[in-house]
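Heads up, the thing below is written out as structure tokens.
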Amino acid sequence: MSRDDERPRDSAEVPEGEQLALIRETVRKAKVPKAKPRTWRGAALAAERPVARVLVDKGPVHLDKLWDYAVPAEMDAEARPGVRVRVRFGAGAGKVREGRREGGGLLDGYIIERVAESDYRGPLAALAQVVSTEQVLGPGLLALCRAVADRYAGSLADVLQLALPKRNARAEGEPSPPPLPPPEPPAPGSWARYPAGPGFLEALARGDRPRAVWTALPGPHWPREWATAVAATLASGRGALVVVPDGRTAERVDAALTEVLGGPGRHVLLTADLGPEERYRRWLAVSRGSVRAVVGTRAAMFAPVRDLGLVGIWDDGDRSHSDDRLPQPHARDVLLLRAVHEKTGFLLGDLGRTVEAAQLVENGWARPLEADRERVRAAAPLIRTVDEGEVARDAEARAARLPTIAWQTVREALTRGPVLVQVPRRGYVPKLACERCREPARCAHCSGPLEARDADHLVCGWCGRDEPAWHCRECGGVRLRASVVGARRTAEELGRAFPSVPVRTSGRDHVLTSVPDRPALVVSTPGAEPVAEGGYAAALLLDGWALLGRPDLRAGEDALRHWLEAASLVRGHGEEDDDGRGGTVVIMAEPTLRPVQALVRWDPAGYAARELAERSDLGFPPISRMAAVTGPAEAVAELIASTRLPEGAETLGPVPLPPPPPGRPRRPGDPPAGEVWERALLRVRPGQGSALAAALKEAKARRLARGDRDPAVRVDPLDIG
DNA sequence: AGCACGCCGACT
DNA sequence: GTCGGCGTGCTC
């Protein structure tokens, strides 16, 4: 094939020397052992589709732009879409002196597609190297990553960094095991406790795509129920993917899968703490189609499961479902995108219910999958509330810091088994709330959270307006309080009061997985509660104030979620133990508060539905959609000014960003030490979320990237006060 | 991000 | 005249 046929278009504009070279000189890294020719200058190009469109993975230039490179004939077979490549990328390469200059440094990238011609008006450099022939970025995964990038106004390159594991040559060199045949459809087991449960499994097993929001009954059965749903999907010949908040939970579901599937060959656990090599080995097994069921933490949401039939997420209200690297996609949303794009079933399981889940039910996209009231009552422990106000008035209780009823419950329960004591995490400091009804103090203008700038001076954390005359929307109260609970001290005192009983603690630093079925006081922070074999005899929830007093939009929802999680580990009220008594939960919180009521009635769905309606009225997410723009003041103002916002969009703020807590590692959106950044919130009407994301992405693409100086854009921010 | 080009002021 | 400040823009 003649070289002239392969000449890039517009080569007339190229300096003479370069024109003769056809493609710029490129040199392979010397350290690569079995080097092919060290230069591709003058080499023949691939006969078919000699142009590779490459997404450059590192460097600040990406902005979703693809770069065209020439494919030398020797690389033709290997340079397939989806493989990792190295390319020369550098400034000033357009002008070549003496034909002797090398381009910039070698960068990693992925071939997105092969095409016959380039739009680039200039000489194409050749691919420097095909790193491996493994097709890591298949068409399905690429489409998903593009959709996620669009959804979050982020770049494709950023999303690819979240979706693709680091390459490991050793793991890649090994063959993956051959796939096992689909299993038989599983028996419904404890799914039979839900009227719609067996039907859901049958639909999965026959290849349908049912979608459900599952409110799991309290107790130890849900890991097995996940495994059964996955097995049913596998039985249809399709794959399944379940994302859970943490490694501990992933291991529980993994163990259940091993039981239900009768062995380890049909599923994998994908978590960060496997280490890079093993993680890549398992990821490859999924990508190559030898394993079709995956359970894992958030990075697993991108796992390229073949012929996906079910995506699932457990406990979607947990913060760890949101990645902290930009664009911070949330596992729930990524799995929703997958369910739609890949036409799969969808199962969102939770002991409680988030507003987002309530919205899926409300708009009819997913069906509720719930047990009958009677069964819920039997499976849940008895909940007793203790009004803190009452405690304050009761002199004896004040001295002891715990009311009589709590003492009695603990003393009695300790004769029958372990007792769980939930205490607030350090650093959960409540902000401002109505003294009378505990409703968080909100701005009259935009409903943002009020903060005390100094004594008697309230400022809105969203729009920055002063609030000179606050009064409570709920009850009309005019006094505020910021309260701190001495729950940790209470827990210590409990330990001293029962000296013969061992005290175990579980928290951020050392999380216990389980405790034996023996009397013990188990003190834990929310989310770190060990499972008690046989269930706790009782639980004491001491963190009501700390959880509810936060000004966060989700304070009530989070509090209820944490309480349900702890209470679900307690023996059911109607599930009698050997002594004929069920479990009891005592919660120290104002009994008229809605999250407390929801716990007492064990009605998370009702709570979420009401919360959703209220947020809709107040213009809060997820009905209205928001995006946060964070960065240096001028950069924030500039980006917002150049964004073609959808009709009816509001800009709240900007306000100075509170500095990140010392000690926390820096995250995207955090100002560098010593700098003050600002944050503005953009709010759009229902249905305008994707228009907002598109407008922001377009504005970002239009301005020149300046790295550090660029504002961070966060769609659907979680921490908006 | 790098890195080169380019359009201003101070120097041998 | 030339050296070099860093502001602007490009990298297939």
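Convention: sequence-line order gives letters A, B, ...; per-chain numbering from 1. Quick caveat, the model's predicted, so the values are computed rather than measured.
The distance from atom CG of A:L106 to atom P of C:dC12 is 12 Å, rounded to the nearest whole Å. Summarising the geometry, the separation between CZ on A:R88 and C1' on C:dT11 is reported as 13 Å, rounded to the nearest angstrom. Here C:dG9 presents its P atom at 16 Å from NZ of A:K65, a figure rounded to the nearest Å. Distance, A:L107 CG to B:dC3 C1': 13 Å, rounded to whole Å. Whole-Å rounding puts the A:E117 CD to C:dC12 P distance at 20 Å. Rounding to whole angstrom units, CD of residue A:E113 and P of C:dC12 are separated by 19 Å. Distance A:L127 CG to C:dC12 P: 12 Å, rounded to the nearest Å. Rounded to whole Å, the distance from CG on A:L124 to C1' on C:dC12 is 6 Å.
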- Stepwise, does the side-chain contact (heavy atoms from CB on, under 4.5 Å) test hold for A:L337 with A:L335? CA-CA 5 Å; A:L337 286 171; A:L335 294 179; over 6 Å; no
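A:E647 CD: 12 or fewer foreign heavy atoms inside a 6.0 Å radius.
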Which pairs would a plain distance check flag for residues 144-152 of chain A, meaning a side-chain donor or acceptor within less than 3.5 Å of a matching protein atom at least two apart in sequence or in another chain?
| unit_1 | atom_1 | unit_2 | atom_2 | d |
| --- | --- | --- | --- | --- |
| A:D150 | OD1 | A:K697 | NZ | 2.8 |
| A:R151 | NH1 | A:D716 | OD2 | 3.0 |
| A:R151 | NH2 | A:D333 | OD2 | 3.2 |
| A:R151 | NH2 | A:D716 | OD2 | 2.7 |
| A:Y152 | OH | A:H330 | N | 3.0 |
| A:Y152 | OH | A:D333 | OD2 | 3.0 |

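Applying the ring pair (Phe, Tyr, Trp, His ring centres under 6.0 Å) rule to pairs touching residues 619-638 of chain A yields A:W462-A:F620, sequence neighbours excluded.
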